[in-house]
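Worksheet for the structure shown next.
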Amino acid sequence: MAHPFARELGDFLRARRGRLRPHDVGLEPGGRRKVTGLRREELALLAGLSTDYYQRMEQGREVRPSDDVLDALAGALGLDAEERRHLFTLAHAARRPMPARADHEPERVPHSTRRLLRVLDTPAVVLGRHLDLLAWNPMAEALLGDPTGYPPDRLNMLLLMFDATLTGDRTCPDWERQALDYIGMLRAAVATDPTHPRATAIVGELSIRSPEFRRLWARHDVRESVTGTKTFRVPEVGDIVLDWDTYPLPGNPGPVMLVFTAEPGSTDADRPQLLASLHATRTAGRRTV
């Protein structure tokens, strides 16, 4: 049985090799090519490795590359700092014996974190290591919708994002970039435990039902800590453009708090407040009926 970290390492190397073209690394493409990216032998040559050794790495076979070999591969593949750390994380884990089956306790949000969510005057949620939605504040509920009607195992940012029936009028013009950010965060989590049943379930389900997810997951992008900008199209108040940042919570790996903000006094800061007021009014009206 292949070591799970070695298999993940091989998949990552294959995906990165597939992105490079001969002219990217100063090679002549030569005749007809069966692959769009570099051939294995070309990358092995650039990294100063034998083709057989590199091929075994991609196949997830019993190979324990040294840090010098990893440095050479990172340089040949043109990895950025985050990708390089990911490469070393996988390779170091693959050197260790096959991990014993771990106990996977449910993720919990401390009471102090829930208090912090309630006092934040901006939309914020807590995401588990596999992007399960663990907690949220009223402003996030007003912006993203009420999650309480969904079974707990469906409250996952990726499962929700790739469920076309849930998008409604809240379309997102930068949907693919947002999806890649979330997928990259899940990739980073998978690098710490490739056999975790929650990761296996999410990736397995989405791989079956979503060609878009399969395409983006195959890129092997990784995000350790993510910031960005997201546009929400909310019919009641119009477009809202918010910056978002992730803040790690205690645990290794542990949940993260995702917080949406806008420049104080701007229209984008005022509209979430208005939306929250409308949401509170509707909620109060339903309770009195």
Side-chain angles (χ1 to χ4, degrees), residues 80-86 88-89 104-148 150 152 154-161 170 172 174-193 196 198-199 202 216 221-232 234 240-266 268-273 275-276 279:
D80 62 25
E82 198 165 42
E83 292 169 334
R84 186 180 183 279
R85 285 192 296 272
H86 187 64
F88 274 72
T89 296
H104 297 114
E105 295 291 332
E107 293 176 296
R108 303 189 186 281
V109 181
H111 291 300
S112 57
T113 302
R114 293 185 183 276
R115 284 200 304 269
L116 176 60
L117 277 176
R118 288 195 296 270
V119 301
L120 283 175
D121 195 27
T122 194
V125 300
V126 174
L127 301 180
R129 60 188 292 199
H130 300 110
L131 302 183
D132 289 316
L133 186 58
L134 304 180
W136 55 91
N137 65 5
M139 289 197 68
E141 183 175 317
L143 182 68
L144 303 172
D146 182 1
T148 56
Y150 297 98
R154 308 310 299 169
L155 285 179
N156 178 276
M157 297 302 280
L158 277 173
L159 293 180
L160 295 172
M161 192 167 199
R170 295 171 185 250
C172 176
D174 53 356
W175 182 89
E176 182 165 314
R177 179 169 58 83
Q178 179 82 31
L180 282 170
D181 285 337
Y182 284 144
I183 286 172
M185 293 169 70
L186 184 59
R187 272 287 180 200
V190 167
T192 67
D193 187 356
H196 194 290
R198 184 56 174 159
I202 294 168
L216 299 178
D221 288 347
V222 60
R223 305 280 195 276
E224 295 172 354
S225 180
V226 183
T227 64
T229 301
K230 181 176 174 63
T231 301
F232 296 88
V234 186
I240 307 173
V241 181
L242 299 175
D243 296 324
W244 61 286
D245 301 87
T246 54
Y247 300 94
L249 297 176
N252 187 29
V256 298
M257 183 177 289
L258 191 155
V259 182
F260 296 96
T261 60
E263 192 66 32
S266 67
D268 288 310
D270 294 339
R271 283 177 175 170
Q273 299 286 345
L275 185 62
H279 177 72

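Each residue takes its place number in the sequence, starting with 1.
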Please evaluate residues T246 and M185 with respect to the criterion side chain to side chain contact (heavy atoms under 4.5 Å, CB included), reporting the C-alpha separation (whole Å), side-chain torsions for both, the decisive distance (0.1 Å), and the verdict. CA-CA 10 Å; T246 54; M185 293 169 70; 4.0 Å; yes
Evaluate side chain to side chain contact (heavy atoms under 4.5 Å, CB included) for V259 paired with D245, printing each intermediate quantity in order. CA-CA 6 Å; V259 182; D245 301 87; 5.6 Å; no
Step-by-step side chain to side chain contact (heavy atoms under 4.5 Å, CB included) determination, L144 to W136: CA-CA 10 Å; L144 303 172; W136 55 91; over 6 Å; no
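No hydrogens or angles considered: nothing links the side chains of S266 and D268 as a donor-acceptor pair under 3.5 Å. Using modelled atom types and a 3.5 Å distance limit, the side chains of R129 and T192 yield a donor-acceptor pair.
Between H196 and V190, the closest side-chain pair of non-hydrogen atoms is not below 4.5 Å. Taking the side chain as every heavy atom from C-beta outward, P255 and V126 approach each other to under 4.5 Å. Residues V256 and L249 are not in side-chain contact: their nearest non-hydrogen atoms beyond the backbone lie 4.5 Å or more apart. When side chains are defined from C-beta on, L242 does not count as touching K230, because their heavy atoms never get closer than 4.5 Å. Residues L143 and H279 have side chains not in contact (no heavy-atom distance under 4.5 Å, counting atoms from C-beta outward).
One distance of note links CG of L159 with OH of Y150; it measures 12.0 Å at 0.5 Å rounding. Once rounded to the nearest 0.5 Å, the distance linking CG of N156 with CD1 of I202 reads 4.0 Å. For the atom pair CG (L133) and CZ (R154), the distance works out to 13.5 Å, reported to the nearest 0.5 Å. To the nearest 0.5 angstrom, D181 atom CG is 8.5 Å from M161 atom CE. Rounded to the nearest 0.5 angstrom, L186 CG and H130 NE2 are separated by 6.5 Å. In this structure, W244 CH2 and T261 OG1 are separated by 12.0 Å, a value rounded to the nearest 0.5 Å.
When all heavy atoms of E82 and V222 are compared, the pair lying nearest together is OE1-O, 3.3 Å. Contact record, E107 with G128: OE1-CA, 3.4 Å, taken as the closest heavy-atom pair. What you find for A179 and L216 is that their closest heavy atoms are CB-CD1, 4.0 Å. The shortest non-hydrogen separation linking P272 to A269 is CD-O, 3.4 Å.
At least one donor-acceptor pair under 3.5 Å links the side chain of R177 to the backbone N or O of T229. Checking side-chain atoms of D221 against main-chain N and O of I183 turns up no donor-acceptor pair under 3.5 Å.
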Listed pairs under 3.5 Å, donor-acceptor, residues 112-123 side chains, sequence neighbours left out:
unit_1 : atom_1 : unit_2 : atom_2 : d
D121   : OD1    : Q273   : NE2    : 3.3
D121   : OD2    : Q273   : NE2    : 3.1
T122   : OG1    : F260   : O      : 2.3

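Sorted by first and then second residue, the salt bridge (charged side-chain N to carboxylate O under 4.0 Å, His left out) pairs with a member in residues 130-140 read D132-R198; sequence neighbours excluded.
Partners of R187 by salt bridge (charged side-chain N to carboxylate O under 4.0 Å, His left out), not counting sequence neighbours, listed by chain and number: E8.
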